[in-house]
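One structure is given below, encoded as structure tokens.
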Amino acid sequence: MDGTAVLGRIYADGETVARQGDVGDCMYVVQDGEVEIVAEHDGHETVLRSAGRNEILGEMAIFEHRPRSATIRARGTARILTLDKRNFLRRINEDPSLAFRMIETMSHRVRDLSAEVVELEERLRAAGALVR
Amino acid sequence: MIARRGESNAGASDGTSVAADDAVLVDGSRIAVLGGGPAGSFFAYFLLDMAARVDVRLELDIYEPRTFAQPGPTGCNMCGGIVSETLVQNLAADGVFLSGEVIQRGIDSYMLHTDVGSVRISTPHAEARIGAVHRGGGPRDVTEPRWESFDGHLLARALGVGANLIGSRVEEVGLVDGRPSIRVHGQEPRRYDLAVVATGVNTSLLKALEGLGIGYRRPSLTKTLIREYHVGAEAIRTSLGTSMHVFLLNIPRLEFAALIPKGDYVTMCLLGEEIDNALGDAFATSKEVRAVMPPGWEPEARSCQCIPHINVRGVEKPYADRVVFIGDSGVTRLYKDGIGAAYRTAKAAARTALFEGVSEAAFGRYFMPVCRSIRGDNRIGEVAFRLTRLAQRLRILRRAILAITIEEQVRGRRPRLSSILWDMFSGSAPYGDIFTRMVHPALLWRGLLAMPGALVGRTASTLHERSTGG
Ligand SMILES: Cc1cc2nc3c(=O)[nH]c(=O)nc-3n(C[C@H](O)[C@H](O)[C@H](O)COP(=O)(O)OP(=O)(O)OC[C@H]3O[C@@H](n4cnc5c(N)ncnc54)[C@H](O)[C@@H]3O)c2cc1C
């Protein structure tokens with residue numbers, strides 16, 4: 001954290017910002033520092049990715065009323081701003097362009113995930129584990 | 001709707017086009033933005049950003065005579081400097097990051113002060129959701145600016161996406177063959193496809209625009225008062241802290257009074273009917289203000305003072321063919337979140353101009369609904385402020401308000417009144433929404449229960465001590 005942000009709230013290293021399984025009513029924008037997105041499954045944790053300044057997180061909660069699919073945790077000290085779901089949806093209703101960046105973020109993620117699927121498939125094929 | 005130059009949009013098959021023949025923005029269209037305050041810069045930034053997404057190259061000039069980095073009134077667009085919770089969140093969603101180089105202090109709570117005690121209202125999770133800024137280079141006596149001007153920051157963003165800055169005051173606006181022509185001192189007029197008026201209300205140009213024959217009538221205004229006091233960051237930390245301090249005092253003509261902590265300065269902001277110096281002095285020397293300011297502070301030792309106008313009733317028709325009025329020169333929110341309203345009207349105008357056209361019909365259909373929504377909400381706001389005025393006059397009401405808020409903040413009861421006060425002070429919710437919650441039966445019932453205590457004059461100062469843990 002370089003200490004140049006003053007908005008949002010400070011989270012200590014390892015502190016949970018949002019927990020997998022909770023039903024979220026907000027999303028987050030990182031103001032300073034870094035967070036990691038971690039999926040827990042059968043007692044194992046997989047770090048899906050990390051996110052830094054100005055990145056949007058937890059945006060699925062804005063559109064779905066379902067439990068969060070991953071945990072967001074501070075990696076080092078981080079400063080995070082919360083965006084409330086209800087107010088945000090009301091504002092998108094007046095100004096649909098507010099959603100441009102979120103859609104952009106989601107589309108980047110789909111692109112990254114597609115690339116990952118291809119890479120994993122190739123690795124499995126190379127290991128001879130994929131039978132068509 | 002967007003069309004390339006030479007392309008006709010006549011006979012659009014979807015039947016939704018309202019643009020007159022060529023009243024659309026195309027590659028090379030020229031746009032003049034009059035004023036580089038928040039409204040002008042937001043318009044330029046979002047228009048050029050959206051145009052880039054749809055591959056339209058526009059030429060956009062911002063006319064702004066101020067140098068925002070300059071300390072004192074010449075570099076400043078005079079305001080309390082609160083960037084509201086809603087605007088902070090909207091800009092974060094838009095990807096516009098506001099760093100601590102611009103935001104001098106993150107505000108995480110409000111302190112409500114009355115003659116019968118005080119109470120703190122905090123944000124959920126004690127999060128700093130509001131920003132305190134200086135609009136220009138800071139008060140007159142700043143020698144080495146430590147923070148960037150908010151308006152300068154937004155203007156730089158607009159220039160960063162391709163806007164041109166013309167550092168002159170617009171002296172004349174004309175219409176030649178239905179297209180705007182703009183003249184600055186000592187130069188030939190320039191022709192444009194669209195003129196966006198974002199001059200705010202503290203300018204004589206608006207009077208001249210009434211003579212343009214487009215049906216524009218200036219907004220109704222009233223005078224306000226702002227004073228800046230240098231007290232130093234350390235003294236602010238130990239006195240005002242990260243709270244905005246709002247006062248409900250029985251001073252005639254005063255609708256809203258606040259002390260806003262910045263980096264090294266405290267801004268005193270008074271809104272109401274024709275606020276003057278005498279009223280400013282009455283407020284500054286009140287015991288409630290002295291109790292909040294650091295020990296040894298002198299009300300006379302101010303760094304800066306200004307008496308700007310504020311728009312209290314928006315324009316009926318803030319648009320015409322190829323001309324649109326955004327921010328304070330058009331429609332804004334009553335007393336609160338003017339920068340947020342500038343953002344809303346600027347974006348609505350930018351969306352309309354790019355996607356629907358620049359004709360009067362297009363602005364009427366796509367831009368006006370946002371202005372209408374703000375204007376309609378202001379009417380409810382007027383009623384809500386009348387209720388606040390009642391509380392200013394009636395001590396029993398102030399006691400009840402304080403008692404209920406303290407109950408909510410300390411005992412963790414559902415924050416019905418706290419959320420109303422928060423939204424009212426911070427401008428975070430529409431007035432209509434606030435008003436509905438004000439007349440909620442559960443709150444009225446709580447009010448009724450608080451009345452006996454308020455009647456016997458149970459002192460709120462003891463309640464305050466409980467609330468702050470003192
Ligand atoms: C006392 C007071 C306190 C306030 N506090 C707050 C607050 O805490 N938070 C908040 O959100 N809002 C607040 N407001 C409201 C806020 O200041 C305005 O809503 C906001 O500044 C509107 O932005 P704007 O861009 O429309 O106009 P302005 O900020 O007034 O900017 C207009 C720009 O146009 C330029 N200009 C003027 N004439 C010409 C010309 N002829 N040619 C070229 N350029 C020109 C000016 O130099 C200026 O830069 C307050 C207002 C007052 C009066």
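Residue numbering restarts at 1 for every chain, and letters A, B, ... go by the order of the sequence lines.
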Counting only non-hydrogen atoms closer than 4.5 Å, can you tell me which residues of [range] sit against chain B?
range: residues 42-58 of chain A; value: R53(A), N54(A), I56(A)
range: residues 59-81 of chain A; value: I80(A), L81(A)
range: residues 90-110 of chain A; value: R90(A), R91(A), E94(A), D95(A), P96(A), S97(A), L98(A), F100(A), R101(A), E104(A)

Residue, of P369(B), S373(B), G100(B), that accumulates the most heavy atom pairs under 4.5 Å with chain A: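 Going by pairs under 4.5 Å, I would pick G100(B).
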Options E85(B), E101(B), R53(B), ranked by heavy-atom pairs under 4.5 Å with chain A, top entry: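 Ranked by contacts with chain A, first place is R53(B).
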Part of residues 235-242 of chain B lying next to chain A, heavy-atom separation under 4.5 Å: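 Listed by number: none.
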Pair E127(B)-T82(A), side-chain donor/acceptor within less than 3.5 Å: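 Yes, because at least one side-chain N or O of E127(B) sits under 3.5 Å from a partner of the opposite role on T82(A).
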4.5 Å side-chain heavy-atom contact, V88(B) and L7(A):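 Yes. Closest side-chain heavy atoms under 4.5 Å.
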Close side-chain approach of V6(A) and R105(B), heavy atoms under 4.5 Å: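 Contact flag for V6(A)/R105(B) side chains = no.
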Heavy-atom proximity to chain B below 4.5 Å, by part of D84(A):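 The answer is both parts of D84(A).
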Nearest-0.5 Å distance that lies between atom CZ in R9(A) and atom OG1 in T123(B):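 That separation rounds to 10.0 Å.
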Contact origin within I107(B) toward chain A - heavy atom pairs under 4.5 Å: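 Neither part; nothing is under 4.5 Å.
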Which atoms of D433(B) approach chain A - backbone, side chain, both or neither, heavy atom under 4.5 Å: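 Only the side chain of D433(B) comes within 4.5 Å of chain A.
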